[in-house]
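Data block below; observations after.
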Amino acid sequence: MTTGPAPVRQLDDSAVAELTQAAERILADCGTSATSPALLRRVADAAAHLGQATRDHCRPVDTDHGLYVLRGLPVDDVEVGATPESWAKAGDSGALWDLVLLLLASAMGNPIAWEGQQEGRFVHNIVPAPGHERKQTGASSNVLLSPHTEDAFHPGRAHLLLLGCMRNHDHIATTAASVRRVRLAEADVATLCQAELPILPDDAYTQARDVSGSQPAVPTLWRGEHGLTLRFDPAYTPLERAGVAYRAAYARLDAELERVSMAVSLDPGEVLVLDNDLVVHGRVPFRARYDGTDRWLKRASVRVPGRRTRPVAENREDGYGQTVIEAHAV
C-alpha cells in the first residue's frame, strides 16, 4: 500500500463562511436536514449562487488518483455532539454539516438518495453499529471493509462519492485505489471487459437482496474516453461462477488495486471526494467503543448530468428493484 499523500484542495475563509452561512440559513428556515421538497429547493438555489472561488473547489477530479481531500471546514468535536449509536438513531445529528455536504454535492452535480437506504436521506451517517461488526457495510468495524465501487450493483450508482469527517479520534483510515494507476496485461484487461458475472446488492439493501429474478452479468472494466474505468465489488461478486481465466485476471486486478491503494485518515472537517468510476474505497478494521466517541462520517452520493463514462448496456439493468431519488430532478 502506498503512503503518499492524497491531493488536497484547501477552502479559504471566504468559501468556508459562504458554505456554513448558507447551511445555517437553510437549517434555521427548515428546522431539519431531512429530505423535503422545500429544503431541496433551498439547497439548489443556494448552490447555484455559490461564488466562483467556492465552485472551483468543486471542479471534477483532475488527477489519476481519482480523488482529493477538501480541507478547511470547522467541525467542533463538542458542538457536533456524540457519535450516533447507529444511522437509524442519528436523526438530525450534525444537521448543519448534512447541509454543507449537500451544498457541495449540488455544486458538483445532482445528489441522489435511495428509497431503500437510511430512510431516503440524501446524506447518510456512517457509524459503527452493534451487531454489524463483521458485515461488509459501512456499519462494520472489526473487519477490513473490502475495496469496492459504491453501490456497484446498480446502474444508477453515483459518479462521485463525498465522505465528510465529523469525528475520527483513532485516525482510522479510509482506503482508496484508482484503476488508472494499476498495471495490467492487455489480456487481463480484455478478459475483464467481458460481462461474465453479476454484482449482487450488498447487505445494506435488504429489500434488493430479497428480489428474485435476473442477475445481469456486468463487465469489471471498460475503456472510457480518458482511460480505464471499473465496477468492482468482490465481496458481492459470485466469483465461483466464473471460468479459471476470469478468476485469475480478477485476482490480478485485486492485487494491483491493493498495491496502489492509499490510506487516507480524515480529520474533522475534511471531505474526501472520490470518482466512483475510477476509485474503489474501503476501510481498515477498528474496535468500536459505542461510547459516543467512535469514528463518524457523513456520506453524499452525486450523479453528474451528461457524464458518459459507462457502458450503454447498463441502461437495460433494473437495479434489483432499487429506486434512485434525484435531489434536483429536471
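Only a predicted model underlies this, so the values are computations on that prediction, with no experimental measurement involved.
L230 and L197 end up in the same hydrophobic cluster when Ile, Leu, Val, Met, Phe, Trp and Tyr side chains are linked at under 4.5 Å. The cluster map of Ile, Leu, Val, Met, Phe, Trp and Tyr, joined by side-chain heavy atoms under 4.5 Å apart, puts L27 and V123 in the same cluster. Clustering ILVMFWY residues whenever any of their side-chain heavy atoms sit less than 4.5 angstrom apart, transitively, puts L70 in the very cluster that holds W296. Both V271 and V43 are part of a single hydrophobic cluster, where members link through side-chain heavy atoms under 4.5 Å apart. Linking ILVMFWY residues whenever their side-chain heavy atoms come closer than 4.5 Å, directly or via other members, leaves L297 and L73 in distinct clusters.
In this structure, the side chains of L104 and V273 stay at 4.5 Å or more apart for every pair of heavy atoms. No side-chain heavy atom of F153 sits less than 4.5 Å from a side-chain heavy atom of Y236. At a threshold of 4.5 Å between non-hydrogen side-chain atoms, the residues N142 and P285 do not count as touching. Taking 4.5 Å as the limit, some side-chain heavy atom of P311 sits within range of a side-chain heavy atom of P219. At a threshold of 4.5 Å between non-hydrogen side-chain atoms, the residues I199 and T149 do not count as touching. The closest side-chain heavy-atom distance from P268 to D77 is not below 4.5 Å. No side-chain heavy atom of V16 sits less than 4.5 Å from a side-chain heavy atom of D13. The side-chain heavy atoms of S93 and W87, taken from C-beta on, include no pair separated by under 4.5 Å.
Looking only at distances, a side-chain donor or acceptor of T175 sits under 3.5 Å from a matching main-chain atom of G282. Using a distance-only test at 3.5 Å, with no hydrogens or angles considered, no donor-acceptor pair links the side chain of W97 to the main chain of C165. A donor-acceptor contact shorter than 3.5 Å links the side chain of R231 to the backbone of A152. When atom types are taken as modelled, the side chain of E196 and the backbone of G243 share a donor-acceptor pair closer than 3.5 angstrom. In this structure, the side chain of R157 engages the main chain of H154 through a donor-acceptor pair within 3.5 Å. Side chain of D92 to backbone of S33: a donor-acceptor contact under 3.5 angstrom is found. Formation of a donor-acceptor pair under 3.5 Å by the H132 side chain with backbone atoms of A139 is not found in this model. Put simply, the side chain of D291 gets close to the backbone of T293: a donor and an acceptor are under 3.5 Å apart. Side chain of D45 to main chain of R41: no donor-acceptor pair is present (N/O by atom type, distance under 3.5 Å, no hydrogens or angles). Counting only distance, with no hydrogens or angles, the side chain of Q118 and the backbone of N125 share a donor-acceptor pair below 3.5 Å.
Closest non-hydrogen pair, L102 versus F122, comes out as CD1-CB, 3.9 Å. The two residues Q136 and A235 make their nearest non-hydrogen contact at CG-CB, 4.0 Å. Heavy atoms only, all atoms of each residue included: L40 and H328 are closest at O-CE1, 3.5 Å. The shortest non-hydrogen separation linking N168 to L266 is ND2-O, 2.9 Å. Shortest non-hydrogen contact noted between G66 and V279 is O-CG2, 3.3 Å. Across all their heavy atoms, G81 and R167 have their closest contact at O-NH2, 2.8 Å.
Considering CG of L96 and CD of E24, their distance stands at 5.5 Å, rounded to 0.5 Å. To the nearest 0.5 Å, atoms CG (D56) and CZ (R9) are separated by 7.5 Å. Summarising the geometry, atom OH belonging to Y250 is positioned 13.5 Å from atom CG belonging to D188; distances are rounded to the nearest 0.5 Å. Annotation: the span from N276 atom CG to T229 atom OG1 amounts to 11.5 Å, rounded to 0.5 Å. The structure places OG of S106 at 9.5 Å from CG of L101, a figure rounded to the nearest 0.5 Å. For the atom pair CG of L274 and CZ of R299, the computed distance is 11.5 Å after rounding to the nearest 0.5 Å.
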### Task
Apply the test side-chain contact (heavy atoms from CB on, under 4.5 Å) to residues R223 and L228: give CA-CA distance (whole Å), side-chain angles for both, the deciding distance (0.1 Å), then the verdict.
CA-CA 5 Å; R223 292 181 173 89; L228 278 181; 4.1 Å; yes

### Worked verdict on R283 versus S140 for side chain to side chain donor-acceptor pair (under 3.5 Å)
CA-CA 9 Å; R283 190 216 59 244; S140 69; 3.2 Å; yes

### Message
Would D254 and R247 count as a salt bridge (charged side-chain N to carboxylate O under 4.0 Å, His left out) here? Give the steps.
### Response
CA-CA 10 Å; D254 198 4; R247 292 200 304 272; over 6 Å; no

### Task
Could you walk me through whether T63 and Y68 pass the side chain to side chain donor-acceptor pair (under 3.5 Å) test, one step at a time?
CA-CA 9 Å; T63 72; Y68 63 88; over 6 Å; no

### Query
Between T83 and R289, does a side chain to side chain donor-acceptor pair (under 3.5 Å) hold up when you go through it step by step?
CA-CA 11 Å; T83 299; R289 293 180 292 271; over 6 Å; no

### Query
Do R259 and R183 pass the side-chain contact (heavy atoms from CB on, under 4.5 Å) test, and can you show the C-alpha distance, the side-chain angles, and the key distance before you say yes or no?
CA-CA 10 Å; R259 183 182 67 82; R183 293 195 296 263; 3.6 Å; yes

### Task
Take V127 and D294, measure what side-chain contact (heavy atoms from CB on, under 4.5 Å) needs, and give me the verdict at the end.
CA-CA 7 Å; V127 296; D294 283 320; over 6 Å; no

### Working for side-chain contact (heavy atoms from CB on, under 4.5 Å), residues F232 and V179
CA-CA 10 Å; F232 185 82; V179 71; over 6 Å; no

### Pair Q215-R241, side chain to side chain donor-acceptor pair (under 3.5 Å): steps then yes or no
CA-CA 12 Å; Q215 297 178 351; R241 301 182 194 175; 3.0 Å; yes

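Using cut-offs of 30° and 60° for the angle between ring planes, the H148 and H281 rings count as tilted.
A salt bridge between R55 and E18 is absent, with no side-chain N of the basic residue lying under 4.0 Å from a carboxylate O of the acidic one.
No more than 12 heavy atoms of other residues, nucleotides or ligands sit less than 6.0 Å from atom CD of E225. Heavy atoms of other residues, nucleotides or ligands lying less than 6.0 angstrom from CD of E317 number more than 12.
Tested against D277 for a salt bridge (charged side-chain N to carboxylate O under 4.0 Å, His left out), the candidates R303, R310, R180 yield a single pass: R310.
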